[in-house]
J.: 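Structure in C-alpha coordinates, see below.
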Amino acid sequence: MTGLRATWAARREWFNSTDREQRIKDYVALSNQLVWQRQASFLAAALLTAFYFDPVVASICYAGVFMSELLDQLLGARARAWDGKDPKVGARLLKSITINTIVSSLAIGVFVLSIAVQQTSGGHFTPLFFLFSASLFAAMYNSQLVNILVLRLSIYGLTFLAIAFLDVVRYRPEFSSNIWLEVFTILFVLYFIIDTSMKFYKSYQERLEQMHRIQEEAERTKAAYEIKSQFLSTVSHELRTPLTSIKASLDLVSTGVLGEVPATLTPALSIAAKNSQRLSVLIDDLLDLQKMEAGEMEFNFKKIDVNHLVEEAVESTEGYANKVGIPVTTTLSPAPLAIHGDQARLMQVMNNLLSNALKFSNEGGSVRVHVTSNDNRVRISVQDDGVGIPEEARSKVFEKFSQVDSSDVRKVGGTGLGLNITKQIVDRHKGIIDFESERGVGTNFYVEFDQVIEEANEQLLDERLPLTA
Ligand code: ADP
(Lines give C-alpha, C1' and ligand atoms only; values in the text may rest on other atoms or scores of the structure.)
Protein backbone atom coordinates (compact mmCIF):
# COMPACT_ATOMS: atom_id res chain seq x y z
CA MET A 1 0.00 0.00 0.00
CA THR A 2 2.81 2.34 0.98
CA GLY A 3 4.58 1.41 -2.26
CA LEU A 4 1.48 2.23 -4.28
CA ARG A 5 1.07 5.54 -2.48
CA ALA A 6 4.73 6.35 -3.14
CA THR A 7 4.29 5.54 -6.84
CA TRP A 8 1.31 7.85 -7.06
CA ALA A 9 3.14 10.55 -5.14
CA ALA A 10 6.08 10.21 -7.54
CA ARG A 11 3.72 10.42 -10.48
CA ARG A 12 2.01 13.48 -9.08
CA GLU A 13 5.37 15.11 -8.43
CA TRP A 14 6.46 14.34 -11.97
CA PHE A 15 3.20 15.67 -13.34
CA ASN A 16 3.46 18.85 -11.31
CA SER A 17 7.04 19.63 -12.15
CA THR A 18 8.38 18.46 -15.47
CA ASP A 19 5.38 18.24 -17.69
CA ARG A 20 2.75 20.55 -16.45
CA GLU A 21 3.66 23.25 -18.96
CA GLN A 22 3.78 20.79 -21.80
CA ARG A 23 0.46 19.23 -20.80
CA ILE A 24 -1.31 22.56 -20.46
CA LYS A 25 0.00 23.71 -23.80
CA ASP A 26 -0.92 20.42 -25.48
CA TYR A 27 -4.38 20.46 -23.94
CA VAL A 28 -5.21 24.00 -24.99
CA ALA A 29 -3.64 23.67 -28.45
CA LEU A 30 -5.61 20.52 -29.25
CA SER A 31 -8.80 21.88 -27.79
CA ASN A 32 -8.47 25.02 -29.95
CA GLN A 33 -7.61 22.96 -32.99
CA LEU A 34 -10.81 20.95 -32.71
CA VAL A 35 -13.09 23.97 -32.30
CA TRP A 36 -14.85 23.59 -35.67
CA GLN A 37 -15.40 19.88 -35.24
CA ARG A 38 -16.91 20.48 -31.83
CA GLN A 39 -19.00 23.43 -32.96
CA ALA A 40 -20.38 21.53 -35.95
CA SER A 41 -21.60 18.68 -33.73
CA PHE A 42 -23.09 21.04 -31.12
CA LEU A 43 -24.87 23.04 -33.80
CA ALA A 44 -26.24 19.89 -35.43
CA ALA A 45 -27.48 18.65 -32.05
CA ALA A 46 -29.05 22.05 -31.26
CA LEU A 47 -30.82 22.22 -34.65
CA LEU A 48 -32.22 18.71 -34.28
CA THR A 49 -33.41 19.44 -30.76
CA ALA A 50 -34.92 22.77 -31.80
CA PHE A 51 -36.87 21.03 -34.56
CA TYR A 52 -38.12 18.02 -32.62
CA PHE A 53 -38.37 19.54 -29.12
CA ASP A 54 -38.64 23.01 -27.63
CA PRO A 55 -36.66 25.53 -29.77
CA VAL A 56 -36.36 28.01 -26.89
CA VAL A 57 -34.81 25.48 -24.54
CA ALA A 58 -32.52 24.29 -27.37
CA SER A 59 -31.36 27.86 -28.06
CA ILE A 60 -30.66 28.62 -24.39
CA CYS A 61 -28.67 25.41 -23.98
CA TYR A 62 -26.75 26.04 -27.18
CA ALA A 63 -25.97 29.58 -25.99
CA GLY A 64 -24.45 28.07 -22.83
CA VAL A 65 -22.26 25.69 -24.84
CA PHE A 66 -21.28 28.48 -27.21
CA MET A 67 -20.27 30.71 -24.31
CA SER A 68 -18.02 28.03 -22.89
CA GLU A 69 -16.45 27.74 -26.34
CA LEU A 70 -15.73 31.49 -26.32
CA LEU A 71 -14.07 31.10 -22.92
CA ASP A 72 -11.95 28.29 -24.37
CA GLN A 73 -10.81 30.51 -27.23
CA LEU A 74 -9.80 33.29 -24.83
CA LEU A 75 -7.91 30.72 -22.80
CA GLY A 76 -6.20 29.51 -25.99
CA ALA A 77 -4.89 33.01 -26.69
CA ARG A 78 -3.52 33.27 -23.13
CA ALA A 79 -1.86 29.85 -23.32
CA ARG A 80 -0.23 30.69 -26.65
CA ALA A 81 1.20 33.89 -25.18
CA TRP A 82 2.67 31.92 -22.26
CA ASP A 83 6.32 30.94 -22.70
CA GLY A 84 5.83 27.96 -20.37
CA LYS A 85 8.28 29.33 -17.81
CA ASP A 86 6.39 31.21 -15.10
CA PRO A 87 4.65 28.53 -12.99
CA LYS A 88 2.24 31.13 -11.58
CA VAL A 89 0.83 31.74 -15.07
CA GLY A 90 0.60 27.95 -15.47
CA ALA A 91 -1.38 27.67 -12.24
CA ARG A 92 -3.73 30.45 -13.36
CA LEU A 93 -4.23 28.76 -16.72
CA LEU A 94 -4.99 25.48 -15.01
CA LYS A 95 -7.58 27.23 -12.86
CA SER A 96 -9.21 28.75 -15.94
CA ILE A 97 -9.20 25.36 -17.66
CA THR A 98 -10.98 23.90 -14.62
CA ILE A 99 -13.63 26.64 -14.65
CA ASN A 100 -14.13 26.31 -18.42
CA THR A 101 -14.46 22.56 -18.07
CA ILE A 102 -17.13 22.91 -15.39
CA VAL A 103 -19.03 25.51 -17.46
CA SER A 104 -18.83 23.56 -20.68
CA SER A 105 -19.63 20.11 -19.27
CA LEU A 106 -22.51 21.51 -17.21
CA ALA A 107 -23.86 23.27 -20.31
CA ILE A 108 -23.68 20.02 -22.27
CA GLY A 109 -25.13 18.06 -19.33
CA VAL A 110 -28.07 20.43 -18.96
CA PHE A 111 -28.56 20.40 -22.73
CA VAL A 112 -28.89 16.60 -22.99
CA LEU A 113 -30.83 16.36 -19.75
CA SER A 114 -33.36 18.90 -21.07
CA ILE A 115 -33.89 16.69 -24.12
CA ALA A 116 -34.36 13.63 -21.92
CA VAL A 117 -36.89 15.49 -19.75
CA GLN A 118 -38.86 16.49 -22.86
CA GLN A 119 -38.95 12.87 -24.08
CA THR A 120 -41.81 11.21 -22.33
CA SER A 121 -41.82 7.91 -24.18
CA GLY A 122 -39.65 5.58 -26.25
CA GLY A 123 -36.38 5.77 -24.29
CA HIS A 124 -33.64 8.41 -24.52
CA PHE A 125 -31.59 7.34 -27.48
CA THR A 126 -30.96 10.92 -28.74
CA PRO A 127 -29.62 12.59 -25.55
CA LEU A 128 -27.71 9.45 -24.59
CA PHE A 129 -26.04 9.29 -27.96
CA PHE A 130 -25.12 13.01 -27.83
CA LEU A 131 -23.64 12.47 -24.38
CA PHE A 132 -21.82 9.35 -25.50
CA SER A 133 -20.21 11.29 -28.39
CA ALA A 134 -19.19 14.14 -26.06
CA SER A 135 -17.66 11.64 -23.59
CA LEU A 136 -15.78 9.80 -26.29
CA PHE A 137 -14.51 13.14 -27.64
CA ALA A 138 -13.23 14.03 -24.15
CA ALA A 139 -11.66 10.58 -23.70
CA MET A 140 -9.84 10.91 -27.00
CA TYR A 141 -8.65 14.49 -26.76
CA ASN A 142 -8.44 15.47 -23.06
CA SER A 143 -5.91 12.94 -21.80
CA GLN A 144 -3.21 15.58 -21.30
CA LEU A 145 -4.69 16.80 -18.01
CA VAL A 146 -6.04 13.83 -16.13
CA ASN A 147 -7.78 15.88 -13.42
CA ILE A 148 -9.65 17.85 -16.03
CA LEU A 149 -10.62 14.67 -17.85
CA VAL A 150 -11.90 13.12 -14.63
CA LEU A 151 -13.84 16.31 -13.84
CA ARG A 152 -15.51 16.39 -17.24
CA LEU A 153 -16.26 12.68 -17.28
CA SER A 154 -17.67 12.87 -13.74
CA ILE A 155 -20.17 15.54 -14.80
CA TYR A 156 -21.04 13.52 -17.90
CA GLY A 157 -21.28 10.36 -15.78
CA LEU A 158 -23.71 12.03 -13.38
CA THR A 159 -25.75 13.21 -16.35
CA PHE A 160 -25.74 9.66 -17.73
CA LEU A 161 -27.01 8.38 -14.38
CA ALA A 162 -29.58 11.18 -14.16
CA ILE A 163 -30.97 10.18 -17.56
CA ALA A 164 -30.80 6.51 -16.62
CA PHE A 165 -32.83 6.97 -13.45
CA LEU A 166 -35.08 9.75 -14.80
CA ASP A 167 -37.70 7.27 -16.04
CA VAL A 168 -37.20 4.98 -13.06
CA VAL A 169 -38.20 7.89 -10.81
CA ARG A 170 -40.90 9.03 -13.22
CA TYR A 171 -42.65 5.70 -13.88
CA ARG A 172 -41.42 3.40 -11.09
CA PRO A 173 -41.30 0.52 -13.58
CA GLU A 174 -41.13 -3.21 -12.94
CA PHE A 175 -37.64 -4.69 -12.89
CA SER A 176 -38.43 -6.56 -16.13
CA SER A 177 -39.29 -3.38 -18.09
CA ASN A 178 -37.27 -1.77 -20.88
CA ILE A 179 -36.54 1.21 -18.63
CA TRP A 180 -34.36 -0.96 -16.39
CA LEU A 181 -32.74 -2.49 -19.47
CA GLU A 182 -31.81 1.06 -20.53
CA VAL A 183 -30.34 1.73 -17.05
CA PHE A 184 -28.07 -1.33 -17.31
CA THR A 185 -27.09 -0.46 -20.88
CA ILE A 186 -26.12 3.01 -19.70
CA LEU A 187 -23.97 1.52 -16.91
CA PHE A 188 -22.25 -0.66 -19.49
CA VAL A 189 -21.62 2.37 -21.72
CA LEU A 190 -20.20 4.25 -18.73
CA TYR A 191 -17.76 1.43 -18.09
CA PHE A 192 -16.78 1.47 -21.77
CA ILE A 193 -16.10 5.24 -21.64
CA ILE A 194 -13.96 4.92 -18.52
CA ASP A 195 -11.99 2.07 -20.06
CA THR A 196 -11.44 3.99 -23.31
CA SER A 197 -10.34 7.11 -21.39
CA MET A 198 -7.77 5.07 -19.49
CA LYS A 199 -6.37 3.68 -22.72
CA PHE A 200 -6.05 7.12 -24.33
CA TYR A 201 -4.55 8.49 -21.13
CA LYS A 202 -1.96 5.71 -21.01
CA SER A 203 -1.01 6.18 -24.63
CA TYR A 204 -0.58 9.95 -24.10
CA GLN A 205 1.51 9.22 -21.02
CA GLU A 206 3.72 6.85 -23.00
CA ARG A 207 4.12 9.42 -25.76
CA LEU A 208 5.21 12.01 -23.24
CA GLU A 209 7.68 9.63 -21.60
CA GLN A 210 9.05 8.72 -25.02
CA MET A 211 9.46 12.39 -25.82
CA HIS A 212 11.44 12.81 -22.60
CA ARG A 213 13.67 9.91 -23.45
CA ILE A 214 14.33 11.32 -26.92
CA GLN A 215 15.08 14.76 -25.44
CA GLU A 216 17.49 13.27 -22.93
CA GLU A 217 19.15 11.22 -25.64
CA ALA A 218 19.51 14.31 -27.84
CA GLU A 219 21.04 16.26 -24.96
CA ARG A 220 23.49 13.45 -24.22
CA THR A 221 24.47 13.24 -27.90
CA LYS A 222 24.94 17.01 -28.05
CA ALA A 223 27.13 16.99 -24.95
CA ALA A 224 29.23 14.12 -26.30
CA TYR A 225 29.54 15.90 -29.62
CA GLU A 226 30.69 19.09 -27.95
CA ILE A 227 33.28 17.22 -25.92
CA LYS A 228 34.52 15.51 -29.08
CA SER A 229 34.81 18.82 -30.93
CA GLN A 230 36.60 20.44 -28.05
CA PHE A 231 38.96 17.49 -27.73
CA LEU A 232 39.66 17.54 -31.46
CA SER A 233 40.31 21.24 -31.44
CA THR A 234 42.61 21.12 -28.39
CA VAL A 235 44.59 18.17 -29.68
CA SER A 236 44.96 19.73 -33.12
CA HIS A 237 46.16 23.01 -31.66
CA GLU A 238 48.56 21.24 -29.32
CA LEU A 239 49.96 19.21 -32.20
CA ARG A 240 50.36 22.13 -34.52
CA THR A 241 52.85 24.09 -32.42
CA PRO A 242 55.49 21.34 -31.97
CA LEU A 243 54.97 20.24 -35.56
CA THR A 244 55.75 23.73 -36.83
CA SER A 245 59.05 23.68 -34.97
CA ILE A 246 59.84 20.13 -36.20
CA LYS A 247 59.22 21.30 -39.79
CA ALA A 248 61.35 24.39 -39.30
CA SER A 249 64.21 22.35 -37.78
CA LEU A 250 64.02 19.83 -40.61
CA ASP A 251 64.18 22.69 -43.13
CA LEU A 252 67.25 24.09 -41.40
CA VAL A 253 68.97 20.72 -41.48
CA SER A 254 67.99 19.92 -45.11
CA THR A 255 69.07 23.30 -46.46
CA GLY A 256 72.51 22.79 -44.89
CA VAL A 257 72.37 25.93 -42.79
CA LEU A 258 73.47 23.95 -39.76
CA GLY A 259 76.31 22.26 -41.61
CA GLU A 260 76.74 19.87 -44.47
CA VAL A 261 74.27 16.97 -44.47
CA PRO A 262 75.83 13.54 -45.05
CA ALA A 263 74.40 11.88 -48.17
CA THR A 264 73.25 8.87 -46.12
CA LEU A 265 70.93 11.14 -44.12
CA THR A 266 69.18 12.76 -47.10
CA PRO A 267 66.55 10.03 -47.76
CA ALA A 268 65.58 9.88 -44.07
CA LEU A 269 65.33 13.67 -43.92
CA SER A 270 63.15 13.77 -47.01
CA ILE A 271 60.79 11.11 -45.56
CA ALA A 272 60.56 13.08 -42.32
CA ALA A 273 59.83 16.30 -44.22
CA LYS A 274 57.13 14.61 -46.35
CA ASN A 275 55.43 13.07 -43.34
CA SER A 276 55.49 16.23 -41.29
CA GLN A 277 53.91 17.99 -44.28
CA ARG A 278 51.18 15.33 -44.37
CA LEU A 279 50.59 15.72 -40.66
CA SER A 280 50.36 19.45 -41.00
CA VAL A 281 47.73 19.11 -43.79
CA LEU A 282 45.73 16.72 -41.61
CA ILE A 283 45.84 19.08 -38.63
CA ASP A 284 44.79 22.04 -40.77
CA ASP A 285 41.90 20.01 -42.20
CA LEU A 286 40.79 18.88 -38.74
CA LEU A 287 40.85 22.44 -37.44
CA ASP A 288 38.90 23.67 -40.46
CA LEU A 289 36.35 20.93 -40.06
CA GLN A 290 35.88 21.64 -36.40
CA LYS A 291 35.52 25.38 -37.03
CA MET A 292 33.04 24.76 -39.82
CA GLU A 293 30.92 22.44 -37.69
CA ALA A 294 30.94 24.82 -34.76
CA GLY A 295 29.88 27.61 -37.14
CA GLU A 296 33.03 29.50 -36.18
CA MET A 297 34.63 29.72 -39.60
CA GLU A 298 34.54 33.31 -40.66
CA PHE A 299 33.70 34.27 -44.20
CA ASN A 300 34.64 37.61 -45.59
CA PHE A 301 32.35 38.00 -48.58
CA LYS A 302 33.20 40.42 -51.32
CA LYS A 303 33.11 40.66 -55.09
CA ILE A 304 35.65 38.33 -56.65
CA ASP A 305 37.04 38.21 -60.17
CA VAL A 306 36.75 34.52 -61.11
CA ASN A 307 39.42 34.55 -63.84
CA HIS A 308 41.83 36.10 -61.42
CA LEU A 309 40.99 33.59 -58.69
CA VAL A 310 41.55 30.65 -61.02
CA GLU A 311 44.85 32.04 -62.34
CA GLU A 312 46.10 32.52 -58.82
CA ALA A 313 45.04 29.02 -57.75
CA VAL A 314 46.72 27.38 -60.75
CA GLU A 315 49.86 29.37 -60.07
CA SER A 316 49.93 28.27 -56.44
CA THR A 317 49.79 24.58 -57.40
CA GLU A 318 52.46 24.95 -60.08
CA GLY A 319 55.15 23.52 -57.78
CA TYR A 320 53.13 20.37 -57.10
CA ALA A 321 52.15 20.03 -60.80
CA ASN A 322 55.83 20.16 -61.80
CA LYS A 323 56.73 17.66 -59.15
CA VAL A 324 54.19 15.10 -60.38
CA GLY A 325 54.91 16.02 -64.01
CA ILE A 326 51.30 16.81 -65.03
CA PRO A 327 50.74 19.92 -67.15
CA VAL A 328 47.86 22.22 -66.20
CA THR A 329 46.12 24.28 -68.87
CA THR A 330 43.67 27.07 -68.10
CA THR A 331 40.87 28.43 -70.30
CA LEU A 332 39.52 31.60 -68.77
CA SER A 333 36.27 33.34 -69.63
CA PRO A 334 36.74 35.94 -72.40
CA ALA A 335 34.81 38.54 -70.39
CA PRO A 336 35.45 39.20 -66.72
CA LEU A 337 33.09 37.32 -64.42
CA ALA A 338 32.38 38.23 -60.83
CA ILE A 339 30.94 36.23 -57.95
CA HIS A 340 30.28 37.00 -54.33
CA GLY A 341 32.66 35.06 -52.14
CA ASP A 342 35.48 34.75 -49.68
CA GLN A 343 38.78 34.87 -51.56
CA ALA A 344 40.78 32.72 -49.12
CA ARG A 345 38.08 30.04 -48.80
CA LEU A 346 37.55 29.89 -52.56
CA MET A 347 41.29 29.49 -53.00
CA GLN A 348 41.04 26.56 -50.60
CA VAL A 349 38.29 25.06 -52.80
CA MET A 350 40.36 25.50 -55.95
CA ASN A 351 43.49 24.12 -54.31
CA ASN A 352 41.63 21.02 -53.18
CA LEU A 353 40.16 20.38 -56.64
CA LEU A 354 43.48 21.03 -58.38
CA SER A 355 45.59 18.97 -55.99
CA ASN A 356 43.12 16.07 -56.21
CA ALA A 357 43.15 16.25 -60.01
CA LEU A 358 46.96 16.20 -60.01
CA LYS A 359 47.17 13.57 -57.29
CA PHE A 360 44.82 11.13 -59.01
CA SER A 361 46.20 11.74 -62.53
CA ASN A 362 47.91 8.99 -64.46
CA GLU A 363 51.30 9.47 -65.98
CA GLY A 364 51.07 11.28 -69.32
CA GLY A 365 47.73 12.88 -68.47
CA SER A 366 46.93 16.54 -68.06
CA VAL A 367 44.65 18.77 -66.01
CA ARG A 368 42.38 21.30 -67.73
CA VAL A 369 40.72 24.19 -65.88
CA HIS A 370 37.80 26.05 -67.51
CA VAL A 371 35.88 29.14 -66.50
CA THR A 372 32.50 29.47 -68.20
CA SER A 373 29.19 31.21 -67.60
CA ASN A 374 25.62 30.45 -68.49
CA ASP A 375 22.33 31.98 -67.36
CA ASN A 376 24.02 34.17 -64.78
CA ARG A 377 25.81 31.17 -63.31
CA VAL A 378 29.59 30.86 -63.25
CA ARG A 379 31.17 27.44 -63.53
CA ILE A 380 34.76 26.50 -62.76
CA SER A 381 35.67 22.99 -63.82
CA VAL A 382 38.79 20.99 -63.16
CA GLN A 383 39.20 18.05 -65.49
CA ASP A 384 41.76 15.26 -65.33
CA ASP A 385 42.59 12.02 -67.16
CA GLY A 386 43.16 10.14 -63.93
CA VAL A 387 41.89 7.05 -62.18
CA GLY A 388 38.26 8.23 -62.10
CA ILE A 389 35.61 7.61 -59.47
CA PRO A 390 33.34 4.58 -59.79
CA GLU A 391 29.61 5.41 -59.80
CA GLU A 392 28.99 3.32 -56.66
CA ALA A 393 31.40 5.55 -54.73
CA ARG A 394 29.55 8.75 -55.68
CA SER A 395 27.77 9.12 -52.34
CA LYS A 396 31.01 8.59 -50.39
CA VAL A 397 33.13 11.23 -52.07
CA PHE A 398 31.90 14.24 -50.05
CA GLU A 399 31.72 12.41 -46.74
CA LYS A 400 34.23 12.94 -43.94
CA PHE A 401 37.34 10.77 -43.94
CA SER A 402 36.14 9.06 -47.09
CA GLN A 403 38.53 7.79 -49.66
CA VAL A 404 37.32 5.84 -52.65
CA ASP A 405 40.40 3.67 -52.55
CA SER A 406 41.22 3.25 -48.90
CA SER A 407 43.13 0.03 -49.41
CA ASP A 408 46.69 -0.56 -48.30
CA VAL A 409 47.80 -0.48 -51.92
CA ARG A 410 46.54 3.10 -52.36
CA LYS A 411 49.30 5.03 -54.05
CA VAL A 412 48.44 8.56 -53.00
CA GLY A 413 48.07 10.02 -49.56
CA GLY A 414 45.29 12.17 -48.19
CA THR A 415 42.95 12.71 -45.29
CA GLY A 416 39.60 12.19 -46.97
CA LEU A 417 38.52 15.53 -45.51
CA GLY A 418 39.33 17.90 -48.36
CA LEU A 419 36.15 17.46 -50.39
CA ASN A 420 33.95 17.49 -47.32
CA ILE A 421 35.39 20.87 -46.29
CA THR A 422 35.25 22.06 -49.88
CA LYS A 423 31.56 21.18 -50.13
CA GLN A 424 30.79 22.98 -46.89
CA ILE A 425 32.58 26.09 -48.17
CA VAL A 426 30.71 25.92 -51.48
CA ASP A 427 27.42 25.47 -49.61
CA ARG A 428 28.14 28.59 -47.58
CA HIS A 429 28.50 30.40 -50.90
CA LYS A 430 25.09 29.00 -51.94
CA GLY A 431 26.90 27.29 -54.78
CA ILE A 432 26.96 23.69 -55.94
CA ILE A 433 29.77 21.19 -56.36
CA ASP A 434 29.50 18.02 -58.37
CA PHE A 435 31.48 15.80 -60.73
CA GLU A 436 31.30 13.60 -63.78
CA SER A 437 33.66 10.68 -63.86
CA GLU A 438 34.52 7.46 -65.60
CA ARG A 439 36.75 4.88 -64.04
CA GLY A 440 40.15 4.77 -65.74
CA VAL A 441 39.23 7.68 -68.04
CA GLY A 442 39.15 10.74 -65.82
CA THR A 443 37.11 13.07 -63.66
CA ASN A 444 35.60 16.49 -64.11
CA PHE A 445 34.88 18.27 -60.84
CA TYR A 446 32.98 21.55 -61.10
CA VAL A 447 31.68 24.27 -58.84
CA GLU A 448 28.95 26.74 -59.77
CA PHE A 449 28.05 30.08 -58.24
CA ASP A 450 25.65 32.92 -58.94
CA GLN A 451 27.25 35.55 -61.11
CA VAL A 452 27.33 39.10 -59.81
CA ILE A 453 26.03 41.25 -62.64
CA GLU A 454 27.86 44.54 -62.76
CA GLU A 455 25.54 47.55 -62.70
CA ALA A 456 27.34 48.97 -65.73
CA ASN A 457 26.69 45.73 -67.62
CA GLU A 458 23.06 45.74 -66.62
CA GLN A 459 22.73 49.28 -67.91
CA LEU A 460 24.42 48.28 -71.13
CA LEU A 461 21.99 45.42 -71.49
CA ASP A 462 19.02 47.70 -70.82
CA GLU A 463 20.26 50.20 -73.39
CA ARG A 464 20.77 47.49 -75.95
CA LEU A 465 17.30 46.04 -75.53
CA PRO A 466 15.30 48.73 -77.39
CA LEU A 467 17.64 48.37 -80.39
CA THR A 468 16.97 44.65 -80.71
CA ALA A 469 13.24 45.05 -80.08
P1 ADP B 1 41.80 13.12 -50.01
O2 ADP B 1 42.53 13.80 -48.95
O3 ADP B 1 41.79 11.62 -49.86
O4 ADP B 1 42.15 13.57 -51.36
P5 ADP B 1 39.26 14.35 -50.57
O6 ADP B 1 38.11 14.59 -49.67
O7 ADP B 1 39.83 15.49 -51.24
O8 ADP B 1 40.28 13.53 -49.71
O9 ADP B 1 38.76 13.29 -51.64
C10 ADP B 1 38.03 12.16 -51.23
C11 ADP B 1 38.23 11.01 -52.19
O12 ADP B 1 37.59 11.31 -53.43
C13 ADP B 1 39.68 10.76 -52.56
O14 ADP B 1 40.32 9.96 -51.60
C15 ADP B 1 39.55 10.06 -53.88
O16 ADP B 1 39.28 8.70 -53.68
C17 ADP B 1 38.32 10.72 -54.50
N18 ADP B 1 38.72 11.79 -55.45
C19 ADP B 1 38.71 13.10 -55.25
N20 ADP B 1 39.10 13.77 -56.36
C21 ADP B 1 39.37 12.84 -57.29
C22 ADP B 1 39.83 12.90 -58.66
N23 ADP B 1 40.07 14.04 -59.29
N24 ADP B 1 39.98 11.71 -59.29
C25 ADP B 1 39.74 10.54 -58.68
N26 ADP B 1 39.30 10.43 -57.40
C27 ADP B 1 39.13 11.57 -56.70
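Source: prediction; values computed, not measured. Remember, it's 1-based here, ligands and their atoms both numbered in the order they're listed.
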J.: Ligand 1 versus Phe445, non-hydrogen atoms closer than 4.0 Å: side chain, backbone, both, neither?
T.: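 Side chain only.
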J.: Among Val367, Asp285, Ile421, Ile389, whose heavy atom sits nearest atom 27 (C) of ligand 1?
T.: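 The nearest heavy atom belongs to Ile389.
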J.: Answer whether the closest heavy-atom distance between the side chains of Phe42 and Phe66 falls below 4.5 Å.
T.: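 Phe42 does not reach Phe66 side chain to side chain.
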J.: Would you mind finding which of Thr443, Asn356, Asp385 brings a heavy atom closest to atom 7 (O) of ligand 1?
T.: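 Looking at heavy atoms only, Asn356 sits closest to atom 7 (O) of ligand 1.
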J.: Answer yes or no: is there an ion pair linking Glu448 with Arg379, defined by an N-O contact shorter than 4.0 Å?
T.: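 Salt bridge: yes.
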J.: If you measure every N or O of Val397 against every N or O of ligand 1, does any of those distances drop under 3.5 Å?
T.: no
J.: Does this structure show an ion pair linking Glu391 with Arg394, if we count only N-O contacts that are shorter than 4.0 Å?
T.: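 So Glu391 pairs with Arg394 through a salt bridge.
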J.: Does any N or O atom in Phe360 lie less than 3.5 angstrom from one in ligand 1, N or O only?
T.: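 N/O-N/O distance under 3.5 Å: no.
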J.: What I want to check is whether the side chains of Gln210 and Arg207 have a donor and an acceptor closer together than 3.5 Å.
T.: no
J.: Within ligand 1, which atoms have a heavy atom of Lys359 less than 4.0 Å away?
T.: 1 (P), 2 (O), 4 (O)
J.: What is the ring orientation for His340 with Phe301, classed by angle as parallel under 30°, tilted 30 to 60°, or perpendicular over 60°?
T.: parallel
J.: Using a plain distance cutoff, I'd like to know if Asp384 has any nitrogen or oxygen under 3.5 Å from a nitrogen or oxygen of ligand 1.
T.: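 Among all N and O atoms of Asp384, at least one is under 3.5 Å from an N or O of ligand 1.
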J.: If the cut-off is 4.0 Å to any non-hydrogen atom of Leu417, which atoms of ligand 1 fall inside it?
T.: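 Heavy-atom distances to Leu417 below 4.0 Å select 6 (O), 8 (O).
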J.: From the options His370, Arg368, Glu436, select the one residue that forms a side-chain hydrogen bond (donor to acceptor under 3.5 Å, both in side chains) with Asn444.
T.: Glu436
J.: Under 4.0 Å, counting heavy atoms only: does Gly416 come that close to any atom of ligand 1?
T.: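 It does, in that a heavy atom of Gly416 comes within the 4.0 Å cut-off of ligand 1.
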J.: Rounded to the nearest 0.5 Å, what separates atom OG in Ser280 from atom CD1 in Ile246?
T.: 11.0 Å
